[in-house]
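Below is one structure, written out as structure tokens, with a few remarks after it.
This structure is a prediction, so every number in the text was calculated from the model and none was measured. Computation of the quantities below employed the complete heavy-atom set of this structure, encompassing side-chain atoms and omitting hydrogens, waters and symmetry-equivalent molecules.
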Amino acid sequence: MKIEKTYLPLLLFSCIALGIVIGGFINYPTTKTTLGKKYYKTKLNKLIDFIDNEYVDDVKTDSIVDFTLTSVLANLDPHSVYVPKSEQSSIAESMKGDFVGIGVNFYSYKDTIAVIKPIANGPAEKAGIKEGDRILYADNFQLFGKKLKSEVLFSKLKGEKNSEVILTVYRKSENKKLNVKVIRDVVSIKSVDVALLLNKTTGYIKINRFAETTGQEFHVALLKLKRSGINSLVIDLRENGGGFMEMAAEVADELLKDKELIVFTKNKKGKIDKTFASENGDFESGRVSVLINENSASASEILAGAIQDNDRGTIYGRRSFGKGLVQREMEFDDGSAVRLTIARYYTPSGRSIQKHYDKGASEVYYKESENRFGSGELYEKVK
């Protein structure tokens with residue numbers, strides 16, 4: 001999205017062939033035929049069975065299926081993807097408002113798990129875990145010196161509510177190892193990082209993603225700032241990669257007047273679904289400013305587009321990512337899932353924000369924002 005109003009193509013992709021391919025793996029009834037879609041389902045099933053029963057070496061059939069699904073989706077558009085079971089649970093959890101675990105933000109530093117910051121009032125903070133602590137062991141399981149798959153690492157740190165884990169940590173500031181008992185508990189994941197006053201009349205709200213609780217979190221933060229007497233609001237969407245479109249609409253509804261258009265979608269059959277603001281907004285007057293950058297995407301662009309196209313506020317920052325494809329998720333019995341692009345979304349004035357892509361996903365597509373450094377776009381307006 002450009003900061004000034006322009007009309008960019010938003011290619012929200014819709015796909016016919018994927019349902020045919022996936023149908024072969026989810027026990028839809030098939031009939032042998034040489035014509036039509038059912039033939040392809042039967043063909044895929046027969047191939048998998050043939051490999052499973054006759055191939056000279058043992059082959060993990062589920063790996064073949066995973067690879068097939070990944071390959072098919074990779075040739076559709078950049079946002080139609082197959083999500084393995086190992087990743088699906090953590091992704092779904094990140095979009096909820098809470099999870100059960102020890103409550104730390106961490107990253108892998110060289111060969112060690114380093115704590116960025118314990119989540120406020122979470123189990124780890126209550127137990128005494130501090131920023132910079134290196135987690136060496138969870139109970140007797142070694143976490144350093146080897147590359148662990150994310151599902152293995154999460155399984156050691158997460159667990160049942162009220163279960164106990166002994167963390168062995170190295171605290172550099174004290175140059176010693178510590179054994180810390182942490183009782184796992186429900187940990188809240190906030191999508192509104194901060195809500196504060198920039199001055200006596202200007203409020204500031206930072207949203208890191210659009211999750212299940214974002215609408216309510218924003219509402220509570222907004223009312224708190226209103227009680228302080230604000231007449232101007234800054235919404236920070238920088239580095240916000242998106243999330244649920246409905247939550248972006250809820251936030252926009254707080255700012256727009258009754259019946260103003262927020263966003264509309266269009267599917268392959270031409271069906272258009274429009275989302276309008278209601279009469280219940282709590283900040284329908286007063287100045288609004290929205291901050292974006294090259295990593296503001298999807299739901300962030302929906303919110304920014306609604307504010308811009310309704311002349312409700314001003315957008316500041318760098319051109320946003322350019323993701324305008326609407327996905328629907330289909331789950332499989334084994335816990336994996338497919339996210340398939342089913343529609344395009346458009347801003348109120350009819351702008352399609354999706355940036356150009358060749359067929360399927362590519363490294364070029366995801367690194368496009370990096371190329372803006374070379375063009376100078378990140379520092380000045382490109383003519």
Flag yes if [X] and [Y] sit in one hydrophobic cluster, no otherwise; membership is Ile, Leu, Val, Met, Phe, Trp, Tyr, and two members link when side-chain heavy atoms are under 4.5 Å apart.
X	Y	result
L197	F218	yes
V152	F154	yes
L47	Y55	yes
L196	V234	yes
I272	L261	yes

[X] atom [atom1], neighbour heavy-atom count above 12 within 6.0 Å:
X	atom1	answer
E160	CD	no
D139	CG	yes
F67	CZ	no

With no hydrogens and no angle check, is any side-chain donor or acceptor of [X] less than 3.5 Å from a backbone partner on [Y]?
X	Y	result
E217	S191	yes
R184	K158	yes
N105	I116	no
S278	D253	no
E254	D282	yes
T70	Y82	no
K156	F141	no
E260	K257	yes
N293	E239	yes
K130	V115	no

Could you tell me which non-hydrogen atom of [X] sits nearest to which non-hydrogen atom of [Y], and how far apart they are?
X	Y	result
A252	A306	CB-CB, 4.4 Å
L157	I102	O-CG2, 3.2 Å
N240	I207	ND2-O, 3.0 Å
V81	L73	C-CD1, 3.3 Å
F264	T347	CE2-O, 3.4 Å
M247	A211	CG-O, 2.8 Å

Using 0.5 Å steps for rounding, measure from the [atom1] atom of [X] to the [atom2] atom of [Y].
X	Y	atom1	atom2	answer
I166	L178	CD1	CG	12.5 Å
F99	D185	CZ	CG	10.5 Å
R318	I292	CZ	CD1	11.0 Å
L303	I235	CG	CD1	5.5 Å
L255	I307	CG	CD1	4.5 Å
E246	I302	CD	CD1	8.5 Å

Walk me through it: do T168 and N179 pass the test side chain to side chain donor-acceptor pair (under 3.5 Å)?
CA-CA 5 Å; T168 301; N179 289 325; 2.9 Å; yes

List for me each residue that meets salt bridge (Lys or Arg N to Asp or Glu O under 4.0 Å) alongside R238, sequence neighbours excluded, and say none if there are none.
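With sequence neighbours excluded, R238 shows a salt bridge (Lys or Arg N to Asp or Glu O under 4.0 Å) to D236, given in chain and number order.
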
E329 and E331: side-chain contact (heavy atoms from CB on, under 4.5 Å), yes or no, with the steps?
CA-CA 6 Å; E329 186 171 282; E331 295 184 350; 3.5 Å; yes

Tell me whether R351 is salt-bridged to E301, with the criterion being a basic N under 4.0 Å from an acidic carboxylate O.
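Looking at R351 and E301, the cut-off is not met.
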
How about [X] and [Y]: do any of their side-chain heavy atoms sit closer than 4.5 Å?
X	Y	value
I135	I129	no
T275	M245	no
V187	P123	yes
E294	R319	no

Show the numbers, then the answer: is there a side-chain contact (heavy atoms from CB on, under 4.5 Å) between F332 and L69?
CA-CA 12 Å; F332 294 108; L69 292 175; 4.3 Å; yes

Return the set of residues passing ring-ring contact (aromatic ring centres under 6.0 Å, His included) with Y204 (not counting sequence neighbours), or none when no residue passes.
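By the ring-ring contact (aromatic ring centres under 6.0 Å, His included) rule, Y204 matches no residue at all.
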
Running the 4.5 Å side-chain criterion over Ile, Leu, Val, Met, Phe, Trp and Tyr, what cluster does Y170 land in, apart from itself?
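Joined to Y170, directly or through intermediates: L136, Y137, F144.
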
Where does the angle between the aromatic ring planes of F321 and H79 fall among parallel (under 30°), tilted (30 to 60°) and perpendicular (over 60°)?
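The rings of F321 and H79 stand perpendicular, inter-plane angle above 60°.
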
Could you walk me through whether V186 and K161 pass the side-chain contact (heavy atoms from CB on, under 4.5 Å) check?
CA-CA 7 Å; V186 176; K161 183 178 180 180; 4.2 Å; yes

Given the rule in the side-chain contact (heavy atoms from CB on, under 4.5 Å) test, do N267 and I342 qualify, once you have shown the distances and angles that lead to the verdict?
CA-CA 6 Å; N267 68 11; I342 60 160; 5.9 Å; no

With N199 via side chain to side chain donor-acceptor pair (under 3.5 Å) - residues at least two apart
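Applying side chain to side chain donor-acceptor pair (under 3.5 Å) to N199 gives T201, T202.
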
What residues form a side chain to side chain donor-acceptor pair (under 3.5 Å) with D62, not counting sequence neighbours?
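So D62 forms no side chain to side chain donor-acceptor pair (under 3.5 Å) with any residue.
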
Sequence neighbours excluded and cut-off under 3.5 Å, please list the side-chain donor-acceptor pairs for residues 283-291, or say none.
| residue | atom | partner | partner atom | Å |
| --- | --- | --- | --- | --- |
| E284 | OE2 | G281 | N | 3.1 |
| R287 | NH2 | Y316 | OH | 3.2 |

